[in-house]
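The block underneath contains the structure these notes are about, expressed in structure tokens.
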Amino acid sequence: FARSRAVPLAEAAGEVMAEVVVPYPPGIPVLTPGEVATPARLAYLGAVLAAGVHVRGPADPTLATLRVVAG
């Protein structure tokens with residue numbers, strides 16, 4: 001429930017997530033609130049988007065931006 005802000009996907013590495021990101025399939029969360037976004041997970045999400053996989057959870061379903069904890 002912390003304040004959050006949107007940042008571009010490419011700039012989210014090292015930020016604390018404020019939302020869940022779940023590619024479907026397989027339906028397993030890649031990022032969850034309170035977790036620090038790693039470059040590897042962000043690269044995976046980029047590959048998921050390129051493959052046309054549906055993503056559930058984020059405020060921006062295109063993943064152009066992710067919500068991170070404002071600080």
Side-chain angles (χ1 to χ4, degrees):
F1 298 107
R3 288 189 346 226
S4 65
R5 60 187 172 89
V7 298
L9 177 69
E11 297 174 18
E15 298 281 354
V16 177
M17 295 303 304
E19 63 186 352
V20 65
V21 181
V22 183
Y24 187 83
I28 299 168
V30 173
L31 296 169
T32 58
E35 179 177 16
V36 175
T38 65
R41 290 184 185 217
L42 296 173
Y44 172 75
L45 289 175
V48 162
L49 287 176
V53 173
H54 180 71
V55 178
R56 298 196 45 103
D60 178 1
T62 68
L63 288 186
T65 62
L66 292 172
R67 303 291 306 173
V68 299
V69 174

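Computed over heavy atoms, backbone and side chain alike; hydrogens, waters and symmetry mates excluded.
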Examine Leu9 and Val7 and state if one hydrophobic cluster contains both, with Ile, Leu, Val, Met, Phe, Trp and Tyr joined whenever side-chain heavy atoms are less than 4.5 Å apart.
yes
Which heavy atom of Ala12 sits nearest a heavy atom of Leu66, and at what distance?
CB-CD1, 4.0 Å
Shortest non-hydrogen contact between Val21 and Pro23, atoms and distance
O-CD, 3.8 Å
Indicate, with yes or no, if Val53 and Leu49 share a hydrophobic cluster defined by side-chain heavy-atom contacts under 4.5 Å among Ile, Leu, Val, Met, Phe, Trp and Tyr.
yes
Smallest heavy-atom separation, Glu19 atom then Gly57 atom, equals OE1-O, 4.2 Å
Looking only at non-hydrogen atoms, find the nearest pair between Glu11 and Glu15 and report the distance.
O-CG, 4.1 Å
Correct closest heavy-atom pair for Met17 and Thr32 would be CB-O, 3.4 Å
Can you give each donor-acceptor pair under 3.5 Å made by side-chain atoms of residues 37-48, sequence neighbours left out, with the distance rounded to 0.1 Å?
unit_1	atom_1	unit_2	atom_2	d
Thr38	OG1	Arg41	N	3.2
Arg41	NH1	Val30	O	2.7
Arg41	NH1	Glu35	OE2	2.7

Do the non-hydrogen side-chain atoms of Val68 and Arg5 ever get within less than 4.5 Å of each other?
yes
Ala2: partners by side-chain contact (heavy atoms from CB on, under 4.5 Å), with sequence neighbours left out
Val69
Within the 4.5 Å heavy-atom criterion, are Val20 and Pro33 side-chain neighbours or not?
yes
Heavy-atom nearest pair, Leu63 first then Pro58, reads CD2-CG, 3.7 Å
